[in-house]
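Along the sequence shown, the residues carry numbers beginning at 1.
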Amino acid sequence: STGARRSAMHAMHPVGTAMVLARTASRTASSLMSRCRQISSSGNVGSLRSLRSFIDGKAVEPSVDAETSIKVSPSTGSPRLLLEHASRADVDRAVKAALKAGAVWAAKSGLERAAVLRRAADTLREQNDALAMLETLDTGRALSETLVVDIVSAYDALYYYAGVAPTIAGQHISLAGDSFAYTRREPVGVCAGIGAWNYPIQGAAWKAAPALACGNTMVFKPAEDTPQTALELARIFKDAGLPDGAFNVVLGGGKVGEALASHPDVAKVSFTGSCRTGKQVFRTAADSLKKVTMELGGKSPLVVFEDADLDAAIVGALVGNFYSTGQVCSNGTRVFVQRSIVDSFIDKLVHLTERLRIGDPLDKATEVGPLINETQLKKVEEYVAIGLAEGAQLICGGKRVRPAGNADLANGFFYAPTIFTHCTDGMRIVREEIFGPVMAVLPFDTEEEVIARANDTPYGLAAGIFTKDLNRAHRVVARFQAGVCWVNNFNLAPVELPWGGHKQSGVGFENGLAAVEQYTKLKTVIVEGGRIQNPFASGATS
């Protein structure tokens, strides 16, 4: 299954936890699971659980004039949570708390920072099931996914950067005579993290882990639709020994993100989201020349050559289009299939797609849950209508689904996995990011042709190829204009490797050792080992 494939890729490290921490984590996990059950049954606006920002080690009272919004369940369409937005004053308070904590956190050794990250990682693993349920309640993504991907990936990030923290170092360079120089990698300061709604805790950990490992502090804004696991991560960090203020969570929408990106004491902004919003955040951050990392949208190509393992390629197409209900930035929604096998590919693809189980995401048998909200559902419906109007042929899906046997799901945002054929490269469904379960299958004839077509996009986040000819695979991958490429697989994201896009899909990289460069600043120090030379003709002694 797809979940098993992801689980195998994200194998956890065997690490022990002190008994007292294990008992505390167990009690916390039990309490968290109980809270999840209460949230899942909520539906009355008057009884909604209220969420508040987490600043300087505690949940804070919102400002008197603070905005609020209601979080609706993706599965039922019913109100589920009341979000109390941070004001600009709250953002300022969070940044000031991060500045204060930074003096303490940056002074710790890499080993000391690593110990905190490992303790937090252990707690994540202990609370995997409860946090996965929160993630499913927020995102609507199937529990069969969140149990094996989201918290595990967050764990991997914290554990990986715990290993990196003690190794962060500069260089020593010998100069003429007895002189020498060295470089220092120093924390940049307060970092702003702005997360996306499709993989909330993974996104928070991918930003927080390298930032904290490098000695920085962070103010993190989760997406308005998916705030809960970031708040839980903040509490986990606190319990693991992170100083109060070193990781803050501010809730809200675009105004909060703008306040963070424009704050004069924020040194770096890491953003994940749409290309349009990312450009706005970039412009705001550029006013004060902040360091930025941008992981934006994509319209990735997945290329299947005639010699490929057909069954494996079809699994790649399914994973690259319908996992997480198609709400993945790197998805290979442009599936190029060599003409000699396109009919066989489509027949098998449709057969497997129609068997995907759509339903209650809390049911572990469910494989496809709802879209995140009504806005996203309408966007998908509009693009499907556009595809039909442009002449594409709909061969699977293309409609809203109301899962049978559960009346509570009648108003959920479910949409059938959708496949279009007879597409052309100029169609909007082929060129524009839909961020939903919509695949376009496009035949091709030659290698040269498909490379040109695959690269004919303003995006460059990812690309994939299926072939048994490894010489061809390396040749084609070398010409893909994309930041992340796969050979005979799709959408794997090990934290040990850099993740980022080219062209309009982003700036900079997350994960791997590349992230250390994003979260540190270099300082060059030159040490004179002899006597300074006087360059002036007057002959004055130095």
Side-chain angles (χ1 to χ4, degrees), residues 2-3 6 10 71-75 131-154 157 193-208 220-230 233 253 257 270-278 294-300 318-333 361 366-377 379-380 383 412-415 417 433-439 459 461-462 484 490-493 495 499-501 505-506 510-511:
T2 301
R6 291 300 182 93
H10 287 295
K71 162 64 180 170
V72 172
S73 165
S75 301
L131 289 167
M133 183 179 284
L134 271 187
E135 204 79 319
T136 290
L137 289 169
D138 263 5
T139 65
R141 290 174 43 238
L143 191 62
S144 60
E145 291 181 18
T146 59
L147 281 170
V148 299
V149 174
D150 298 54
I151 292 76
V152 177
S153 181
I194 302 176
W197 45 255
N198 55 343
Y199 283 80
I201 196 167
Q202 180 195 70
W206 280 16
K207 297 180 190 306
F220 184 77
K221 190 198 86 66
E224 193 173 351
D225 276 308
T226 54
Q228 292 191 94
T229 50
L233 181 61
S270 177
F271 172 87
T272 300
S274 72
C275 188
R276 179 180 59 82
T277 305
M294 297 273 151
E295 199 262 278
L296 308 178
K299 193 71 179 177
S300 303
L318 290 171
V319 170
N321 281 270
F322 304 139
Y323 204 74
S324 304
T325 320
Q327 299 165 119
V328 182
C329 52
S330 56
N331 267 358
T333 52
T366 294
E367 295 171 316
V368 180
L371 292 158
I372 184 71
N373 53 35
E374 187 174 14
T375 300
Q376 198 64 23
L377 174 66
K379 179 182 179 182
V380 171
Y383 268 105
F413 311 124
F414 296 89
Y415 200 84
E433 184 178 38
I434 300 173
F435 220 67
V438 181
M439 178 197 306
Y459 299 109
L461 182 54
V484 182
F490 208 86
N491 266 353
L492 300 182
V495 298
W499 178 272
S505 286
E510 295 189 310
N511 293 350

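For Val495 against Asn511, the heavy-atom pair with the smallest separation is O-CB, 3.4 Å. Taking every heavy atom of both residues into account, Ala157 and Ala205 meet most closely at CB-O, 4.0 Å. Between Phe490 and Gly332, the shortest heavy-atom contact is CE2-N, 3.2 Å. Summarising the geometry of Thr325 relative to Gly369, their closest heavy-atom pair is OG1-O, 3.1 Å, with the distance given to 0.1 Å.
Between the side chain of Ser505 and the backbone N or O of Gly297, at least one donor-acceptor pair lies under 3.5 Å. A distance-only check finds a donor-acceptor pair linking the side chain of Ser274 to the backbone of Thr277 [under 3.5 Å]. Remark: the backbone N or O of Ser324 is paired with a side-chain donor or acceptor of Gln327 at under 3.5 angstrom. Checking side-chain atoms of Ser330 against main-chain N and O of Asn491 turns up no donor-acceptor pair under 3.5 Å.
Using a 4.5 Å heavy-atom threshold, the side chains of Asp150 and Arg141 count as touching. Residues Ser75 and Pro361 form a side-chain contact, since some pair of their non-hydrogen atoms from C-beta on lies under 4.5 Å apart. When side chains are defined from C-beta on, Thr333 does not count as touching Ile434, because their heavy atoms never get closer than 4.5 Å. A heavy-atom distance below 4.5 Å is found between the side chains of Pro437 and Leu371. Contact annotation: the side chain of Pro227 approaches that of Asp138 to within less than 4.5 Å [non-hydrogen atoms, C-beta and beyond]. When side chains are defined from C-beta on, Glu367 does not count as touching Phe322, because their heavy atoms never get closer than 4.5 Å. The side-chain heavy atoms of Trp206 and Tyr199, taken from C-beta on, include no pair separated by under 4.5 Å.
Paired with Pro200 under the rule side-chain contact (heavy atoms from CB on, under 4.5 Å), one option of Thr229, Leu134, Leu233 passes, and it is Thr229.
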> After noting the C-alpha distance and the side-chain angles of Phe413 and Ile372, does the key distance pass the side-chain contact (heavy atoms from CB on, under 4.5 Å) rule?
Replying inline: CA-CA 7 Å; Phe413 311 124; Ile372 184 71; over 6 Å; no

>> Applying side-chain contact (heavy atoms from CB on, under 4.5 Å) to Glu295 and Leu461, what does each step give before you reach the verdict?
In response: CA-CA 8 Å; Glu295 199 262 278; Leu461 182 54; 3.7 Å; yes

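Put simply, CD on Glu433 and CG on Leu296 are 9.5 Å apart, with the number rounded to the nearest 0.5 Å. Note: Leu131 CG to Met133 CE = 11.0 Å, rounded to the nearest 0.5 Å. One finds the CG atom of Asn373 at 4.5 Å from the OG1 atom of Thr375 (value rounded to the nearest 0.5 Å). Distance check, rounded to the nearest 0.5 Å: CZ of Phe435 to CH2 of Trp197 gives 5.0 Å. The distance from the CG atom of Asn321 to the CE atom of Met439 is 3.5 Å, given to the nearest 0.5 Å. Taking CG from Leu137 and NZ from Lys71, the interatomic distance works out to 9.5 Å, rounded to the nearest 0.5 Å.
For Thr146 and Glu135, the side-chain atoms include no donor-acceptor pair closer than 3.5 Å. A donor-acceptor pair shorter than 3.5 Å cannot be found between the side chains of Thr139 and Thr226.
Shown here are the ring pair (Phe, Tyr, Trp, His ring centres under 6.0 Å) partners of Phe414, two or more places apart in sequence or in another chain: there are none. Partners of Glu510 by side chain to side chain donor-acceptor pair (under 3.5 Å), not counting sequence neighbours, listed by chain and number: Lys207, Ser270.
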